[in-house]
Amino acid sequence: MPELPEVEVVRRGLDRWVLGRPIESVEVYNPRAIRRHTAGPLHFAEVLTGRTLRAAHRRGKYLWLPTDGGDALIGHLGMSGQLLVQPTDSPDETHLRVRIRFAGEDRELRFVDQRTFGGLSVEPLPDPEDVPPSIAHIARDPLDPKFDPGAFATALRRKKTGVKRALLDQTLISGVGNIYADEALWRAKLHYARPTETLTGPAIATLLDGVRAVMLEALDQGGTSFDSLYVNVNGESGYFDRSLAAYGREDEPCPRCGTPIRRDAFMNRSSYTCPVCQPKPRRARW
DNA sequence: TTACTGACCTGCACGC
DNA sequence: TGCGTGCAGGTCAGTA
């Protein structure tokens, strides 16, 4: 599943392979892949054709690529999305949704998405130095140099919810998905249902350290390839799943204390914890 | 205003 | 072999 490190790997690939190349044509094979572009597939293709992508930016798990026309191509990989730079003559992927060809290039950009939770859109970019309006509500991620740990701690304690639910709230802190939330909580020895208002300053600092550490380790290894759904722009998988301590390790021994890892249903998904290292709080918030 | 829930979507694993 | 069901999970609209 693409989380922040995976998206950053993709951003770096886009930065290397697609910038400065005029777009020759755009083909949309599944309208759902551009559902956020409300003007429709034809408009999406028309507005991009002839444009040149100038940069590749990221806010949390969103990517945006400003064009020379005062707008930006915005992308989100969802759960299974891939942005691939492929030779123009290579066979189409089964779930190819959008193809972008560049003038005079033997490589093209493909948006491939099995589950179509991700998508692309184009929208005006009033300030080239700022984020697009549609993703302005997304908070900075903990790897962002301008991320403010003090403001995060204040906002976190103001919430009246469980700490994992808060970590998954992209308006509070971005880039944390289910996998890295579980890993960061394991590192910080916090149960996912710990009420946010009971977290101390040092506990929040430890949690942030855990989030940063797990993201940086994933980034070093090219992202988390938990299944075959995630690959970088060159189609290569990462290997970070080998380093996961809790997520996906149900009944396996906790790397810290040896107690079998437990899986609970949480928010229509799974949560993995060590029942000894991460004891359930007496007063839990789900 | 804030917290929470469910829908969206598709391929795979599993049981019958 | 084929069918039905459950599961995976990021985001956001709708509800409480």
Side-chain angles (χ1 to χ4, degrees), chain A residues 1-8 10 29-38 58-64 74-83 93-98 111-121 123 131-139 141 154-185 192-198 211 215 218 223-231 240-241 244 246-251 261-272 283-286:
Chain A
M1 314 300 171
E3 298 206 40
L4 184 144
E6 287 80 2
V7 180
E8 175 59 21
V10 170
Y29 301 106
N30 185 332
R32 182 173 157 77
I34 60 148
R35 62 192 177 282
R36 291 182 188 176
H37 190 89
T38 53
R58 181 184 57 75
R59 170 65 66 90
K61 298 172 200 169
Y62 280 93
L63 294 160
W64 78 95
I74 300 169
H76 194 289
L77 300 181
M79 286 175 55
S80 55
Q82 302 166 14
L83 279 165
E93 292 75 11
T94 304
H95 303 291
L96 175 61
R97 310 302 189 189
V98 178
F111 180 66
V112 178
D113 193 357
Q114 179 195 95
R115 297 175 194 171
T116 61
F117 274 47
L120 303 177
S121 63
E123 71 173 67
V131 296
S134 69
I135 57 175
H137 63 290
I138 303 294
D141 65 69
T154 301
L156 184 67
R157 276 195 287 247
R158 196 178 295 142
K159 287 270 182 185
K160 297 198 179 330
T161 189
V163 63
K164 181 170 178 180
R165 194 181 287 275
L167 280 179
L168 296 176
D169 182 349
Q170 304 293 303
T171 66
L172 198 61
I173 182 173
S174 68
V176 182
N178 199 45
I179 298 173
Y180 295 159
D182 278 0
E183 289 301 303
L185 288 168
Y192 59 85
R194 172 79 175 267
T196 49
E197 67 268 29
T198 68
V211 172
M215 285 181 173
T224 304
S225 175
F226 213 75
D227 50 33
S228 62
L229 291 178
Y230 172 72
V231 291
F240 186 64
D241 61 298
L244 295 176
Y247 183 86
R249 308 286 191 202
E250 184 179 15
D251 294 331
I261 295 291
R262 166 185 172 144
R263 181 174 77 90
D264 295 322
F266 174 79
M267 286 177 71
N268 290 328
R269 55 211 66 190
S270 294
S271 234
Y272 296 87
R283 188 161 64 88
R285 281 191 190 276
W286 309 100

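Residue numbering restarts at 1 for every chain, and letters A, B, ... go by the order of the sequence lines. Because the structure is a prediction, the values reported are computed rather than measured. For the numbers below, each heavy atom of this structure counts, side chains included, while hydrogens, waters and symmetry mates do not.
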With a non-hydrogen cut-off below 4.0 angstrom, is A:Arg165 in contact with a base, only sugar-phosphate, or nothing?
base

I'd like to know if the side chain of A:Arg249 and the backbone of A:Leu244 have a donor-acceptor N/O pair within less than 3.5 Å.
yes

Of A:Asp169 and A:Asn268, the one whose closest DNA chain B nucleotide lies more 5':
A:Asp169

Atom-to-atom span, CG of A:Asp113 to P of C:dA8 - whole angstrom
19 Å

Got a second to check how far A:Asp169's CG is from A:Lys164's NZ, nearest 0.5 Å?
14.0 Å

Please give, in whole Å, the distance from C:dG10 P to A:Leu4 CG?
12 Å

Looking at five pairs on each end of the helix from B:dT2-C:dA16 to B:dC16-C:dG2, what is the angle between the two axes, given to 10 degrees?
50°

The contact string for nucleotides 11-16 of chain C, one letter per nucleotide 5' to 3', using protein heavy atoms under 4.0 Å with B, S and - for base, sugar-phosphate only and none, comes out as BS----

Of A:Arg283, A:Arg157, A:Arg158, the residue whose pairing with A:Glu197 passes salt bridge (Lys or Arg N to Asp or Glu O under 4.0 Å):
A:Arg283

Euclidean distance, A:Leu167 CG relative to A:Arg165 CZ, rounded to 0.5 Å
12.0 Å

Please confirm whether the backbone N or O of A:Ala246 pairs with a side-chain atom of A:Glu183, one donor and one acceptor, at under 3.5 Å?
yes

Output for pair (A:Leu77 CG, A:Arg115 CZ), nearest 0.5 Å, gives 13.5 Å

Just verifying a value: how many Å separate A:Trp64 CH2 and A:Ser121 OG, rounded to the nearest 0.5 Å?
13.0 Å

Which whole-number value in Å describes the distance from A:Met79 CE to C:dA8 P?
10 Å

Any luck finding a side-chain donor-acceptor pair between A:Tyr192 and A:Asp264 under 3.5 Å?
yes

From A:Gln170 CD over to A:Ile135 CD1, what is the distance, rounded to the nearest 0.5 angstrom?
11.5 Å

Pair A:Asp141 + A:Lys61, salt bridge at N-O below 4.0 Å
no

Can you tell me how far OG1 of A:Thr116 sits from CZ of A:Arg97, rounded to the nearest 0.5 angstrom?
5.5 Å

Taking any atom closer than 4.0 angstrom to a non-hydrogen atom of chain A, what span of DNA chain B does the protein reach, first nucleotide to last?
B:dA3 to B:dG11

